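Predicted model only: the values in this text are computed from it and were never measured.
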Amino acid sequence: MKQVFSAALCAVIALSLCAPLDAQLADSAWPMFHQNARHTGQSQYAGPSIPSLAWSYRTADNVSSSPAIGNEGRLCVGSYDNTIYCLNSAGGLAWSYRAADDVFSSPAIGSDGRIYAGTRLGDNTLYCLDSAGGLAWSYRVADDVYSSPAIGSDGNIYVGSYDNTIYCLNSAGGRVWSYRTADDVFSSPAIGSDGRIYVGSDDNTVYCLNSAGGRVWSYRTASYVESSPALGSNGRIYIGSGDFTIYCLSPAGGRVWSYRTADNVSSSPAIGSDGRMYAGSNDDNLYCLNSAGGRVWSYTAGGGIYSYSSPAIGSDGMIYVGSYANTIYCLNSAGGLAWSYRTASDVTSSPALGSDGRMYVGASSPDKNIYCLEQVPTATPTPTPTAIPPIDLTANKTTFNTTDQIGVTADVAVISIPCYPFVRIIQPDGSTIYFVDGGKIYPSVTPFLGVRAGPITVQTAITNIPLLAMPFKGIPTGTYILEGGAVDATKTTSVNNLKYVGTVDRETLIVQ
């Protein structure tokens with residue numbers, strides 16, 4: 001019995017080692033289209049509030065694919081030049097993979113570093129690449145894969161195709177199930193916390209499928225649905241349609257509200273932490289709607305915010321989106337323009353936000369660049385010099401009688417400008433005397449203007465210099481002010497026009 005048990009245990013272990021591990025979404029700043037499986041477009045990081053170009057990388061054709069960010073800040077994105085690119089955080093090429101045709105689909109990155117992306121125009125393939133850019137597997141369908149894959153918590157990969165089908169593949173590239181619609185599936189699937197899959201189709205329908213591929217419900221609009229759904233924390237589904245409308249559907253598939261724009265809505269909505277929803281329309285506007293479907297504001301971009309560029313929301317509430325006006329826009333939460341960045345052609349890619357405060361996005365031909373915008377460094381203000389006394393005097397005490405001994409030491413700071421240092425005493429009767437005899441503050445130090453010809457500088461600070469040691473015998477009682485400092489030799493013209501360096505150190509001494 002013991003031997004049989006041991007053999008069975010070894011067989012189980014061997015099988016577990018051979019079985020493919022389930023795919024899981026990477027725990028990175030922006031691992032897939034619209035950041036997460038619910039497609040909220042919301043980041044836990046802020047993007048640049050004042051943009052500066054960190055780097056750009058030029059491909060050979062349109063970049064309508066939206067970047068995904070993996071571990072170590074690597075960026076994965078596709079191009080119409082038939083290539084999937086992986087760039088490092090400095091904008092250098094880590095690797096590239098050549099497909100057989102255009103890559104419009106936005107990559108999704110797994111926790112194991114694998115990258116999933118689809119192709120179109122005859123290639124019609126979902127590719128799975130390893131973290132080094134090698135082909136792990138590929139799955140060919142019957143038509144274009146514009147749809148961006150989503151990785152579910154069950155390890156399966158979900159994607160739509162122009163062959164009128166929604167596919168569910170396992171992490172080894174095998175088909176788990178497929179669901180047939182009546183027309184193309186351009187929309188990218190979103191996945192709910194309960195494992196349900198939500199996606200639109202050009203058959204004018206929004207579908208909700210369960211994790212086994214069965215239809216739970218469908219909602220019909222008046223035109224194609226190329227927008228990808230965004231799922232709110234309350235279970236509601238937000239999606240745009242070619243019938244010029246933004247829809248909010250309940251978890252059961254009923255319409256909660258709808259908002260009419262002036263043109264088609266193929267941009268995918270984003271959902272803010274306050275429940276507001278942001279979506280673009282080809283009527284040139286980005287709309288902000290509240291949870292009841294009322295318009296909070298709209299921003300006219302000057303060029304359609306069309307099918308492909310979907311808004312991204314920073315943790316500070318700033319909204320980033322591209323447009324057909326060759327421009328990347330950043331709007332604040334009140335709908336005001338924070339900044340815009342001009343490219344050489346349309347921005348149909350959707351922005352992605354990194355953990356380093358950078359924003360990544362692609363541009364169409366003839367621009368063909370992948371852009372990385374970062375925060376303009378905050379200029380370090382020139383510190384205002386602290387007005388410190390260049391000669392700091394310290395007496396052995398502050399109150400004396402006529403039989404006491406006074407002792408004074410001095411600390412001399414570095415003084416880089418030519419100056420006349422001084423130590424003086426203002427007596428009770430208001431007269432001033434300058435301390436000269438025995439005062440050795442620094443070699444060649446002159447007590448005051450012109451006692452010795454020529455000013456000095458102090459190159460090295462000196463501390464605790466014995467300056468004064470004498471009895472108070474015969475000194476009148478009263479209040480004395482002991483002062484030390486330096487006069488700027490370059491600005492002082494006479495005893496009546498003294499320009500001090502720093503401040504004058506004043507010590508009040510009382511003789512009683």
Hey, are [Y] and [X] close enough side-chain-wise for a donor-acceptor pair under 3.5 Å?
X      : Y      : result
Asp203 : Thr205 : yes
Arg120 : Tyr146 : yes
Ser340 : Thr327 : no

- Task: Have a look at Tyr329 and tell me which of Tyr278, Tyr320, Tyr341, Tyr299 forms a ring pair (Phe, Tyr, Trp, His ring centres under 6.0 Å) with it.
- Result: Tyr299
- Item | Residue among Tyr158, Tyr238, Phe33 satisfying ring pair (Phe, Tyr, Trp, His ring centres under 6.0 Å) with His39 | Phe33
Looking at [X] and [Y], would you say the former's side chain and the latter's main chain have a donor-acceptor pair under 3.5 Å?
X      : Y      : value
Gln35  : Ala29  : yes
Ser161 : Asp144 : yes
Arg58  : Asp367 : yes
Arg358 : Ala352 : no
Thr343 : Asn326 : yes

- Query: Can you list every salt bridge (Lys or Arg N to Asp or Glu O under 4.0 Å) pair that touches residues 68-82, not counting sequence neighbours?
  - Reply: none
- Item | Pairs flagged by salt bridge (Lys or Arg N to Asp or Glu O under 4.0 Å) wherever residues 182-195 is involved - sequence neighbours left out | Asp194-Arg196
